[in-house]
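Here is the naming used below: chain letters follow the sequence lines, and residue numbers restart at 1 for every chain.
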Protein chains: 2
Amino acid sequence: MPPNTALSPDTPTPARNDSAVVQTPAFSPLYQQIKGLILQSLQAGEWKPGELIPSEIELAGRFKVSQGTVRKAIDELAAENLVTRRQGKGTFVATHNEEQVQYRFLQLHPDIGQQQDEGRAQRSIIECKRIRASADIARTLQLRTGDSVIHVRRILSFNNTPTILEDIWLPSPVFKGLNAEQMAHYPGPTYAMFEMEYGVRMVRAEEKIRAVLPDAQQAQWLNTTTATPVLSVERVTFTYNDKPMELRRGLYLTDSHHYRNALS
Amino acid sequence: MPPNTALSPDTPTPARNDSAVVQTPAFSPLYQQIKGLILQSLQAGEWKPGELIPSEIELAGRFKVSQGTVRKAIDELAAENLVTRRQGKGTFVATHNEEQVQYRFLQLHPDIGQQQDEGRAQRSIIECKRIRASADIARTLQLRTGDSVIHVRRILSFNNTPTILEDIWLPSPVFKGLNAEQMAHYPGPTYAMFEMEYGVRMVRAEEKIRAVLPDAQQAQWLNTTTATPVLSVERVTFTYNDKPMELRRGLYLTDSHHYRNALS
DNA sequence: AAGTGGTCTAGACCACAAC
DNA sequence: TTGTGGTCTAGACCACTTG
């Protein structure tokens with residue numbers, strides 16, 4: 001059997017690179033291939049967010065490798081927050097619901113007081129409707145200009161103080177039926193709603209931050225002035241397979257909050 | 001032998017929790033203890049930044065554990081960027097010099113063009129002198145109000161465009177003799193200089209970001225106006241053992257740059 | 001050829017959770 | 001008691017680097 005044959009559920013290939021072959025084009029360790037297979041099952045929705053995945057021993061049997069190899073594959077998935085391990089219970093598909101850290105992608109924290117004041121942000125939806133994607137929005141969402149996207153504009157308030165003004169764009173076909181009612185009243189993080197209602201799990205995000213001045217209307221929504229600088233935060237959120245599934249442009253008031261970042 | 005006895009170089013304790021003891025107060029896996037020991041050697045400067053540390057096999061022998069256990073300890077150190085593994089060569093103490101990513105803690109990127117335009121930022125030092133720490137600076141550096149600190153104010157320019165105005169505070173006793181000449185002309189990142197000249201390795205940092213307007217003088221230094229919002233970035237930088245060793249307050253011009261952050 | 005980190009295995013035992 | 005993930009070991013072999 002040739003080395004580095006990609007494993008598939010039908011033809012598990014525990015064999016190592018043991019034959020004399022001229023080239024090893026792109027050596028991929030077994031555990032990486034196993035990781036890829038598990039990833040496929042996650043993408044395919046074989047196990048849904050919050051659910052228990054098969055035990056290491058069972059997966060080892062299924063893929064015909066040792067438990068240690070499965071373990072290393074799952075270790076990496078856990079490091080990427082795709083999966084959560086719980087000793088004595090098993091390994092679960094990660095979710096934006098019960099993660100210790102709700103609002104995993106929101107880096108805005110109050111300057112003082114309990115950091116989880118955020119837990120109960122009031123959402124007020126300004127609008128929510130289908131529009132045609134502009135060129136730049138289409139580009140970042142990997143769509144075509146003019147494709148249908150859902151545009152949501154909302155305000156997040158903490159302690160009844162408007163703090164975040166946010167525009168969200170989502171591809172219509174995936175989020176078909178999303179409406180203002182749902183955005184406003186779903187209990188829990190919006191990303192949790194995306195999982196539950198649309199089967200879309202957001203996995204990672206990239207943000208670009210600037211300092212800007214709000215225009216007149218933006219200032220009004222944020223109950224501030226056009227002379228008060230705010231953070232402009234552009235977030236592209238990705239689901240499995242590095243597919244961009246959301247674009248957000250937010251204005252963050254930083255009078256009594258700050259954007260926090262840990263570097264290592 | 002009691003379980004969970006902390007390992008020491010003199011009394012290696014490979015034993016597991018195998019005796020019948022009423023309580024296991026704080027179970028700590030062997031590899032964590034090994035990690036702690038290696039960490040101690042790093043802190044003590046036994047191996048300096050850029051140097052090769054003993055091989056896994058040698059460390060395993062020294063600590064009387066298996067290679068696999070040492071491996072897991074080093075895995076974590078590598079994940080925290082304290083150490084760098086190179087197949088075939090060995091494991092090296094991480095450094096701010098040759099890391100693929102120089103300027104590891106600088107998240108400001110140009111909007112367009114090659115991202116490593118940053119590589120050659122011009123530094124111009126406005127001032128560099130010893131002062132007495134104010135209350136808030138002393139607090140974040142874990143000093144006493146009035147303790148001697150070195151204050152540096154400098155401007156970083158990209159393509160001859162002033163972009164960052166930065167105030168830096170460092171504890172004087174550790175950085176004794178630091179002067180403007182050194183800050184301006186050291187070839188390579190400032191954090192690399194801290195390693196080479198003062199034996200201080202910065203390990204991680206925390207940043208708090210706001211949008212603000214510069215005052216008249218700040219605007220002048222940045223060659224902008226008091227009506228142009230800028231990012232206020234406050235960074236606390238830590239060395240081993242979570243000891244804060246530097247406070248930076250920077251103003252970042254975001255006209256043609258942005259602060260980038262990856263969330264996962 | 002020798003030495004290093006990287007992968008893979010098989011087996012033993014521990015800590016934790018649930019029945 | 002059983003099953004899960006977590007730790008630890010010993011040994012084999014692979015891939016990479018250097019002499």
Side-chain angles (χ1 to χ4, degrees), chain A residues 3-4 7 12-36 38 47 51-61 63-79 83-94, chain B residues 3-4 7 12-36 38 47 51-61 63-79 83-94:
Chain A
N4 288 317
L7 287 182
T13 307
R16 286 193 54 79
N17 303 1
D18 49 5
S19 57
V21 175
V22 277
Q23 268 284 10
T24 303
F27 170 68
S28 172
L30 239 193
Y31 76 89
Q32 285 286 2
Q33 303 177 40
I34 302 299
K35 179 185 172 188
I38 298 175
W47 316 303
E51 285 184 7
L52 187 65
I53 78 173
S55 74
E56 296 177 352
I57 291 176
E58 185 180 337
L59 289 172
F63 298 133
K64 299 283 209 308
V65 299
S66 77
Q67 184 187 0
T69 300
V70 171
R71 165 167 292 273
K72 186 150 187 181
I74 295 180
D75 276 347
E76 292 208 349
L77 294 172
V83 114
T84 301
R85 325 191 72 148
R86 291 187 215 155
Q87 190 175 71
K89 293 196 194 172
T91 302
F92 298 79
V93 182
Chain B
N4 288 317
L7 287 182
T13 308
R16 287 195 53 77
N17 304 0
D18 48 5
S19 56
V21 174
V22 277
Q23 269 283 11
T24 302
F27 170 68
S28 171
L30 239 193
Y31 76 88
Q32 286 286 3
Q33 303 179 40
I34 303 298
K35 180 185 171 189
I38 298 175
W47 316 303
E51 285 183 8
L52 186 65
I53 78 171
S55 74
E56 295 178 352
I57 292 177
E58 184 180 337
L59 289 173
F63 298 134
K64 299 282 208 309
V65 299
S66 77
Q67 184 186 359
T69 300
V70 171
R71 165 167 292 274
K72 186 149 187 182
I74 295 181
D75 276 347
E76 293 209 347
L77 293 171
V83 115
T84 301
R85 325 189 71 148
R86 290 185 214 156
Q87 190 176 70
K89 293 197 193 172
T91 301
F92 298 79
V93 181

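Minimum atom distance to the side chain of A:Ser55 is reached by D:dG5, of the listed D:dT7, D:dG5, C:dT9. Among the nucleotides D:dT7, C:dT9, C:dT7, the one closest to any side-chain atom of B:Lys72 is D:dT7.
The phosphate of D:dT7 has neither OP1 nor OP2 within less than 4.0 Å of any side-chain N or O from B:Thr69. Residue A:Arg71 places none of its side-chain N or O atoms closer than 4.0 Å to OP1 or OP2 of D:dG5. An OP1 or OP2 oxygen of C:dA10 is reached within less than 4.0 angstrom by no side-chain nitrogen or oxygen of A:Ser66. The phosphate of C:dT4 has neither OP1 nor OP2 within less than 4.0 Å of any side-chain N or O from B:Thr91.
When each of B:Pro54 and A:Tyr31 is assigned the nucleotide of DNA chain C with its nearest heavy atom, B:Pro54 is the one assigned upstream, toward the 5' end.
Between A:Lys89 and A:Leu52, the shortest heavy-atom contact is O-CD1, 3.9 Å. In terms of heavy atoms, B:Arg85 sits closest to B:Ala78 at CG-CB, 4.0 Å. Taking every heavy atom of both residues into account, B:Val93 and B:Val83 meet most closely at CA-CG2, 4.2 Å. Considering all non-hydrogen atoms of both residues, A:Ala73 and A:Tyr31 come closest at CB-O, 3.4 Å.
At whole-Å resolution of the value, CD in A:Glu56 and P in D:dT2 are 21 Å apart. Atom NZ of A:Lys64 and atom P of C:dA10 are 13 Å apart (whole Å). For the pair B:Gln67 CD and D:dT7 P, the interatomic distance rounds to 18 Å; values are reported in whole Å. Following rounding to the nearest Å, B:Asp75 (CG) and D:dT7 (C1') show an atom-to-atom distance of 14 Å. To the nearest angstrom, P of C:dG5 lies 8 Å from CG of B:Leu59. Nucleotide C:dG6 holds its C1' atom 8 Å from the CZ atom of B:Arg85, rounded to whole Å. Nucleotide D:dT7 holds its P atom 14 Å from the CD1 atom of B:Ile34, rounded to whole Å. One interatomic measurement links the two molecules: CG of B:Leu30 to C1' of C:dA12, which rounds to 15 Å at whole-angstrom precision.
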For nucleotides 16-19 of chain D, print each protein N/O atom paired with a nucleotide N/O atom at under 3.5 Å, atom names and distance only.
residue: D:dC16; atom: O4'; partner: B:Gln87; partner atom: OE1; Å: 2.9

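Within the 4.0 angstrom heavy-atom criterion, only backbone atoms of the sugar-phosphate kind lie near B:Arg86; the bases stay farther away.
Using a 4.5 Å heavy-atom cutoff, the side chains of B:Leu59 and B:Ile74 are in contact. At a threshold of 4.5 Å between non-hydrogen side-chain atoms, the residues A:Val70 and A:Glu58 do not count as touching.
Atom OG1 of A:Thr91 sits about 9.5 Å away from atom CG of A:Asp75, to the nearest 0.5 Å.
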